Amino acid sequence: MDEFALIRAFVAKLPPPGADVLVPIGDDCAVVEGGSRLAVTTDAAVEGVHFRRDTMSPPQVGYRAMAAAVSDIAAMGGQPAWITVALAVPPSWPEDDVVAIYDGVAEAAGAFGASVVGGDVVSTQGPLWMSITAVGRVERPITRAGARPGDVLFVTGNLGGSAAGLDILLGRRAGSAISQAVLVERHRRPTPRIAFGREAARLGATALDDISDGLASELNEIAEASGVRLLFEGDRVPIQPEVTEYARAVGKDPLEYALFGGEDYELVGTAPRDVFARLLAVAAVVGTPITAIGRVEEGDGVVMRRDGKLSVVARRGYNHFER
Ligand SMILES: Nc1ncnc2c1ncn2[C@@H]1O[C@H](COP(=O)(O)OP(=O)(O)O)[C@@H](O)[C@H]1O
Ligand SMILES: Cc1ncc(C[n+]2csc(CCOP(=O)(O)OP(=O)(O)O)c2C)c(N)n1
Ligand SMILES: [Mg+2]
Ligand SMILES: [Mg+2]
Ligand SMILES: [Mg+2]
């Protein structure tokens, strides 16, 4: 298969583009109908860093990379609309596996309501990597900078599952088979919180961020950007039940997974009390549970209360250049 046959094989898997795509894949650029404020983001996924051939199948690689990119649109309160996918392929990857990445890309595009409008495919002597650019519509963007003293601090879903699932995939098996399967699935298939992010924007959440590098890291991002202190209760952080079981079995603190693990792609944010009450109601409607874990105060930094003691939570989390 040459480069053009490969692109045809990719495109054949994609759902048809939306009506807002005026010129689809096949020309020098795609042309889309904007007509609103747009959020733009790029996320890369690199073999050996974000996935390995033994941690994910090709469709899982594609789905997960799409979810990670779209999660940043959700964290702005936007609706993903258009996506481009760049792919660098080493000779060691069989063609069928490369094309199978697009099974995941296509499934994700359909699930997230976005059209894949272009991309690029090149050869490389390095690891396989992909870079996904997502553009979304966003009426009222929620940045990291809007948290105000008195706001409620909340997170969606539950945390720690992705990092525990990765530990299992990397060979540290422990706990029941069913819990292990749940955690591995949580790592391979994150769910960007698109509908909840949109509702948070509509109802007036003041800050929002997606959890890619770990809760501790994202909390510090919000505290710094907003010029506030964030205080949270350690035992209110929602931890996936299977994580608690797994962490006990391997002799770790489950909270470590939630705070420093990353890749859960849940949202962490702040909202005034009345807005938070409305978010609770809407969370039930869109099927995304939310939990209040603390509050915003004057000052700086991130502080956790656990067993009656306060401790500063540093920015520690996944960092590409500090390993
Ligand atoms: N190579 C780059 N060139 C320009 N901006 C970048 C680059 N890498 C990261 N950024 C920007 O830095 C900010 C922080 O990046 P990052 O922590 O990766 O965001 P996130 O965790 O939300 O994906 C983002 O606004 C991102 O667009
Ligand atoms: C094989 C493998 N090793 C380690 C990890 C863990 N890991 C890789 S990147 C990352 C952090 C999130 O990725 P990043 O590129 O920093 O996302 P961003 O914050 O830019 O959205 C984590 C926890 C993994 N997913 N797979
Ligand atoms: Mg990054
Ligand atoms: Mg983000
Ligand atoms: Mg990101």
Side-chain angles (χ1 to χ4, degrees), residues 38-58 60-78 80 83-84 86 104 108 112 126-136 138 141-146 155-156 159-172 183-194 197 207-226 240 243 252 256-269 315-323:
L38 303 175
V40 184
T41 182
T42 294
D43 257 313
V46 181
E47 184 179 357
V49 176
H50 297 87
F51 63 89
R52 291 192 340 195
R53 300 231 49 186
D54 61 348
T55 61
M56 300 224 228
S57 70
Q60 287 163 348
V61 168
Y63 191 96
R64 198 198 151 283
M66 290 281 283
V70 156
S71 175
D72 281 312
I73 302 282
M76 296 305 288
I83 285 174
T84 61
F112 307 152
L128 182 138
W129 63 265
M130 52 198 306
S131 173
I132 298 197
T133 296
V135 179
V138 59
I142 319 174
T143 69
R144 300 168 177 182
V155 294
T156 64
L159 303 178
S162 179
L166 177 62
D167 275 358
I168 292 166
L169 283 167
L170 294 180
R172 222 165 155 195
L183 292 170
V184 162
E185 180 70 4
R186 184 79 170 89
H187 176 74
R188 288 175 167 162
R189 209 179 156 84
T191 303
R193 300 299 198 177
I194 301 165
L208 205 60
D209 198 355
D210 67 321
I211 304 178
S212 53
D213 298 326
L215 182 64
S217 181
E218 317 299 350
L219 287 174
N220 275 281
E221 298 271 2
I222 293 175
E224 204 173 291
S226 299
Q240 190 166 344
V243 173
K252 277 212 194 174
E256 288 273 313
Y257 280 108
L259 294 182
F260 307 115
E263 295 183 302
D264 288 311
Y265 297 102
E266 295 292 347
L267 298 176
V268 52
R315 205 183 166 140
R316 180 158 78 85
Y318 193 89
N319 188 309
H320 286 275
F321 300 100
E322 263 184 23
R323 306 226 102 202

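In each ligand, atom 1 is the first atom listed, and ligand 1 is the first ligand listed. For clarity, every value in this text was computed on a predicted model and none was experimentally measured.
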Taking all atoms of both residues into account, what is the closest heavy-atom pair of [X] and [Y], and its distance?
X    : Y    : answer
M56  : F51  : CE-CB, 3.8 Å
A163 : G261 : CB-CA, 3.5 Å
G161 : Q240 : CA-OE1, 3.4 Å

Contact partition for D43 relative to ligand 2, non-hydrogen atoms under 4.0 Å: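 D43 to ligand 2: side-chain contact only, backbone stays beyond 4.0 Å.
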Side chain, backbone, both or neither: E263 near ligand 2, heavy atoms under 4.0 Å: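 Near ligand 2, E263 shows its side chain, while the N, CA, C and O stay back.
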Can any side-chain N or O of [X] pair as donor or acceptor with the backbone N or O of [Y] at less than 3.5 Å?
X    : Y    : result
R193 : A75  : no
D264 : G160 : yes
T156 : L267 : yes
S217 : G214 : no
S226 : I222 : yes

A45 heavy atom under 4.0 Å from ligand 2: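 Contact check A45 vs ligand 2: negative.
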Heavy atom of G262, distance to ligand 2 below 4.0 Å: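 No; G262 lies far enough from ligand 2 that no heavy-atom distance drops under 4.0 Å.
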Atoms in ligand 2 with a heavy atom of R52 nearer than 4.0 Å: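 Per the distance check, 1 (C).
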Close-contact set for ligand 2 against G261 heavy atoms, below 4.0 Å: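 That gives atoms 23 (C) of ligand 2.
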Under the salt bridge (Lys or Arg N to Asp or Glu O under 4.0 Å) test, residues paired with E224 that sit two or more places apart: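 Per chain and number, E224 pairs via salt bridge (Lys or Arg N to Asp or Glu O under 4.0 Å) with R315.
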Judging by distance only, is a nitrogen or oxygen of [X] under 3.5 angstrom from one on ligand 2?
X    : result
D213 : yes
Y265 : no
Y318 : no
H320 : yes

Under-4.0 Å protein heavy-atom contact, atom 18 (O) of ligand 1: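 Given the 4.0 Å limit, the answer for atom 18 (O) of ligand 1 is no, no protein heavy atom qualifies.
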Closer than 4.0 Å: a protein non-hydrogen atom to atom 23 (O) of ligand 1: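 Yes, there is one.
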S212: numbered ligand 1 atoms lying under 4.0 Å from its heavy atoms: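 Under 4.0 Å from S212, ligand 1 has these atoms: 21 (O).
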For atom 2 (C) of ligand 2, the option (of T42, T55, V49) bearing the nearest heavy atom: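 The residue whose heavy atom sits nearest atom 2 (C) of ligand 2 is V49.
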Test side-chain contact (heavy atoms from CB on, under 4.5 Å) applied to E218 and V268, D210, L208, the passing residue: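 Checked V268, D210, L208 against E218; only one passes side-chain contact (heavy atoms from CB on, under 4.5 Å): V268.
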Any N/O pair D209/ligand 1 closer than 3.5 Å: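 No, since none of the N or O atoms of D209 sits under 3.5 Å from an N or O of ligand 1.
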Region of R144 that comes within reach of ligand 1 [heavy atoms, distance under 4.0 Å]: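 Side chain only; the backbone of R144 stays clear of ligand 1.
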